[in-house]
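Note that the structure is predicted; figures quoted are calculated from it, not measured. Just so it is clear: chains get the letters A, B, ... in the order the sequence lines come, proteins before strands, and each one is counted from 1.
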Number of protein chains: 2
Amino acid sequence: MAVNKKGEFDPKEIELAELAKAISHPARIAILKTISERNACICGEIVDVMPLAQSTVSQHLRELVNAGLIKGTIDGPKSCYCINWETFKKFEMIFGQFFNKAKDFEDKRNCC
Amino acid sequence: MAVNKKGEFDPKEIELAELAKAISHPARIAILKTISERNACICGEIVDVMPLAQSTVSQHLRELVNAGLIKGTIDGPKSCYCINWETFKKFEMIFGQFFNKAKDFEDKRNCC
DNA sequence: TTGTTTAATCGTATATTTGCGATAAACAAT
DNA sequence: ATTGTTTATCGCAAATATACGATTAAACAA
């Protein structure tokens, strides 16, 4: 694209879009699933389960941290990650604000 | 990237990732919001509200159609779009399957 | 110290997305 | 028939994302 127009939109829309983007890759969903099933796990465990190189997994983990979907703590030479449920709640809330409210009008004048 | 590894993951994870990707851009969220507020609207109305060129809006609309989040019908020279609530329900369901169940373990052994 | 393990980061190649103008296609109105 | 309106698609440029190997840094053990 010539220029990035993302900044032209409403902050709430941008926030929702960024959360959605964080879970818009199957690798990141698999990572979130792995962490949530074990309720916490170190980076190495995730790498073992994933069909990706260590550096790639690390990159995906950083994106999830940046989006606020997971938290990480350094534990010796290892890194431990767990789900940040606060952000998941926020995601569901914003998602609902945008779409569930309008769902009430579901059976009104629809053209298609 | 050298190769695309997305196919290596679970079909459910891929499906969820694709739905998330469809709403991972503020323009597409703004489009969805506009359509859901009016409960249906023609392409031109969306273009007027959006800070993007007509061709770009059309492209975003196509992506939303491909993801199944909206439906479109041709009405003379105009095109009418409305929300496909079925897909939104499916989205919430799959999302819940992945993450809400695990939320029960929220207060168990967390390392961070 | 030296070596080992673990994970983040850097550099790079390639794929995908985003955005626009130009064009085409379908129809309405004159 | 010609003109105008509306929207989809094509072709291109630029920005981002994805993936990997190599390197680095940090913690710890021998």
**Report entry** Given DNA chain D, 5'-ward residue of the pair B:K78 and A:K21, judged by closest heavy atom
**Finding:** B:K78
Report task. Answer yes or no: does a side-chain N or O of B:R62 lie under 4.0 Å from OP1 or OP2 of D:dA8? Result -> no
Requested in this report: Quick one: sort the A:H25 and A:H60 rings into parallel, tilted or perpendicular, breaks at 30° and 60°.
Outcome: tilted
Query raised in the report: At under 4.0 Å, does any side-chain N or O of B:H60 touch on OP1 or OP2 of C:dT17?
Result: no
Query raised in the report: Which part of the nucleic acid does B:I74 contact within heavy-atom distance under 4.0 Å: base, sugar-phosphate only, or nothing?
Result: nothing
**Report entry** B:H25 vs C:dG19: side-chain N/O to OP1/OP2 distance below 4.0 Å
**Finding:** yes
Requested in this report: Answer yes or no: does a side-chain N or O of B:N4 lie under 4.0 Å from OP1 or OP2 of C:dT16?
Outcome: yes
Query raised in the report: Of the options B:T34, B:I35, B:I42, which is the one that meets B:R38 in a side chain to side chain contact (heavy atoms under 4.5 Å, CB included)?
Result: B:T34
**Report entry** Check: D:dA17 base within 3.5 Å donor-acceptor of A:Q59 side chain
**Finding:** no
Report task. Can you tell me the distance, in whole Å, between the CG atom of B:D48 and the P atom of D:dT7? Result -> 9 Å
Requested in this report: Output yes when at least one side-chain N/O atom of B:Y81 is less than 4.0 Å from OP1 or OP2 of D:dT6, else no.
Outcome: no
Requested in this report: For B:S79, answer base if it contacts any base atom (sugar-phosphate contacts may also be present), sugar-phosphate if it contacts only those atoms, and nothing otherwise; contact means non-hydrogen atoms under 4.0 Å.
Outcome: sugar-phosphate
Query raised in the report: Taking the six-membered ring for Trp, is the centroid-to-centroid distance between B:F95 and A:F95 below 6.0 Å?
Result: no
Report task. Ignoring backbone atoms, establish whether A:K6 has a side-chain N or O less than 4.0 Å from OP1 or OP2 of C:dG19. Result -> no
Query raised in the report: Hey, does the side chain of A:T56 come within less than 4.0 Å of D:dA19's phosphate (OP1/OP2), counting only N and O?
Result: no
Query raised in the report: Are A:E15 and A:K90 close enough for a salt bridge, meaning some N to O gap below 4.0 Å?
Result: yes
Report summary line: Testing C:dC20, C:dA7, D:dT6 for proximity to the side chain of A:I42, the answer is C:dA7
Report task. Using a cut-off of strictly less than 4.0 Å, decide whether B:S55 has a side-chain nitrogen or oxygen near OP1 or OP2 of C:dC20. Result -> no
